[in-house]
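Chain letters run A, B, ... following the sequence lines, proteins first, then strands; residues in each count from 1. Computed from a prediction, not measured in an experiment: that's the story for all the values here.
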Amino acid sequence: MPSPALRIADLLATAADRVGEAVRLEGWVRTRRDSKAGLSFVQISDGSCFASMQVVAPSDLANYESEILHLTSGASVVVEGEVVESRGKGQSIEVKATRIEVLGLVEDPDTYPISPKQHSWEYLREVAHLRPRTNTFGAVGRVRNCLAMAVHEFFQGLGFQWIHTPIITANDCEGAGEMFRVSTLDLENLPRTEEGKVDFSEDFFGREAHLTVSGQLAVECWCLALSKVYTFGPTFRAENSNTSRHLAEFWMIEPEIAFADLADDADLAEGLLKHCFRTLLDRRSDDLAFFAERIEPTCITRLESFVNSSFERMDYTDAIAALEKAAANGRTFEFPVAWGSDLQSEHERYLVEELVGRPVVVMNYPKDIKAFYMRMNDDGRTVAAMDVLAPGIGEIIGGSQREERLDVLDARLAEMNLPKEDYWWYRDLRRYGTVPHAGFGLGFERLIAYATGMGNVRDVIPFPRTPGSAEF
RNA sequence: UCCUCCGUAGCUCAAUGGUAGAGCGAGCGGCUGUUAACCGCUAGGUUGCUGGUUCGAGUCCAGCCGGGGGAGCCA
């Protein structure tokens, strides 16, 4: 009866106490090095941590000639053996095998897509089913998991409730971007109304339906009952945007707090980001060390500096003034700076990286460039919106205090030509026990990209969906 | 959607319009308590697709397909 397998992470965490112990490992071969001293070194990875384990396979193993000498990168094995102090330099302990069971060899090592060498990101996206076997993507996967847990721990520790807002929505009013249609209608033979339009009353939900572009409106409903809530789930945008910061399917974190204003919202955003990075620094130092060495040299230091610096709060109007001053002093911008237009990427980069040098929360934007639900300020021309800008990535969070006054909300809907009827349930929240409340959205992939130094969000999600690409 | 760059061996890349090469990976052999091991040998190609110019096209031209980067939109 074989003992249960030990994770390599657990073995390494308790290495000193395990010398002499019999263990069983399960994993995949990274490399094999043979020695004519009568043994082979087989590097085994099981994904539990960044490190792999050196397994020493003596030539007297029954299957040494027949199987061990044919192990190549990617083969799966079960190893039974003894933990011993290593006689080599690269590791303190190793496993001296008494038995190696080969579960699966690599069919054709010559064409195995993940050969032990450098591959381009573009190539690895084409083999997304195998790329988690690389150092980089294994590390990304563990960091992603760690950050997801940190998000939940942060909110749960503050008494937030996790709300599972719907993936399929029949709202006409989410309004955050192009939506993917959800339909069971026969595209070859669409039912038509008398006017010749598609008759969606025949569709599955009896009306038009789409994939959600944001859980915000739904989570507001639960906020105005449970006070502190958040959503964390997949979100879909059918925008034809081709950049390293956009995905058609991505995960978003959206907290919503009642009895709160924009300042509370900014504090919450700062607290969340710092908690996530602190947790990551604490728990995944092995993977971060790899990212710092091979991907982005400043990856650890900038996270440390992030958690130790206070975020600058800056009014949009003051930000414009600062940009105009910089322009007057000879700093050139490709796009003009003017009160009333949105900040361009280059403007955000200037504020964060050149002017302030640490994360900045820009607050109170002109109402004409922001959504209908954002709370009108007393000046009548700005709304209580905020963007959190971080050095190296730009906008990572967008949020606002919500308009809780029914008459002001209705005026905004009318101003933006949005039909009141479509927002009947959203308006009900203001009719029945309205309270000031606020929230924000954090793109999870952007968080991971920043934390790891990975340059493209397509490489921090297991199977990226982008325009023209949904393989796997 | 716009701008721009790129498609050559399993992968990363070379190749004035003139016989398609290297490194890594792979296979075989040698050497070694090795560690991105090392040394030698071998195999591996319809140069993204279609057409055009030319005595001759990986190279020049046109169209198409695929991908990267940047911009916009945003998270």
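Residues from residues 53-67 of chain A placing a heavy atom under 4.0 Å of any atom in RNA chain B, listed by number, are A/Gln54, A/Val56.
Taking A/Glu153 as the reference, A/Arg283 meet the side chain to side chain donor-acceptor pair (under 3.5 Å) condition, with sequence neighbours excluded. For A/Arg133, the side chain to side chain donor-acceptor pair (under 3.5 Å) partners at least two apart in sequence or on another chain are A/Tyr112. Here A/Arg131 pairs with A/Asp459 under the salt bridge (Lys or Arg N to Asp or Glu O under 4.0 Å) rule; sequence neighbours left out. Shown here are the side chain to side chain donor-acceptor pair (under 3.5 Å) partners of A/Asp315, two or more places apart in sequence or in another chain: A/Asn364. Scored by the salt bridge (Lys or Arg N to Asp or Glu O under 4.0 Å) test, A/Asp286 finds A/Arg284 as partners (sequence neighbours excluded). Residues satisfying the salt bridge (Lys or Arg N to Asp or Glu O under 4.0 Å) criterion with A/Arg33, sequence neighbours excluded, are absent altogether. With sequence neighbours excluded, no residue forms a side chain to side chain donor-acceptor pair (under 3.5 Å) with A/Arg294.
Pairs of residues two or more places apart, or lying in two chains, never qualify as side chain to side chain donor-acceptor pair (under 3.5 Å) while including a residue from residues 462-472 of chain A. Sequence neighbours left out, not one pair with a member in residues 54-79 of chain A passes salt bridge (charged side-chain N to carboxylate O under 4.0 Å, His left out).
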When you compare the protein's N or O atoms with those of nucleotides 22-27 of chain B, which come within less than 3.5 Å of each other, and at what distance?
from: B/G25; atom 1: N2; to: A/Asp110; atom 2: OD1; distance (Å): 2.4

Checklist entry - How is the base pairing of RNA chain B summarised as a dot-bracket string, given the Watson-Crick and G-U wobble criteria with both distances under 3.5 Å, [ ] for crossing and | for another strand? => result (((((((..((((....[..)))).(((((.......))))).....(((((..]....))))))))))))....
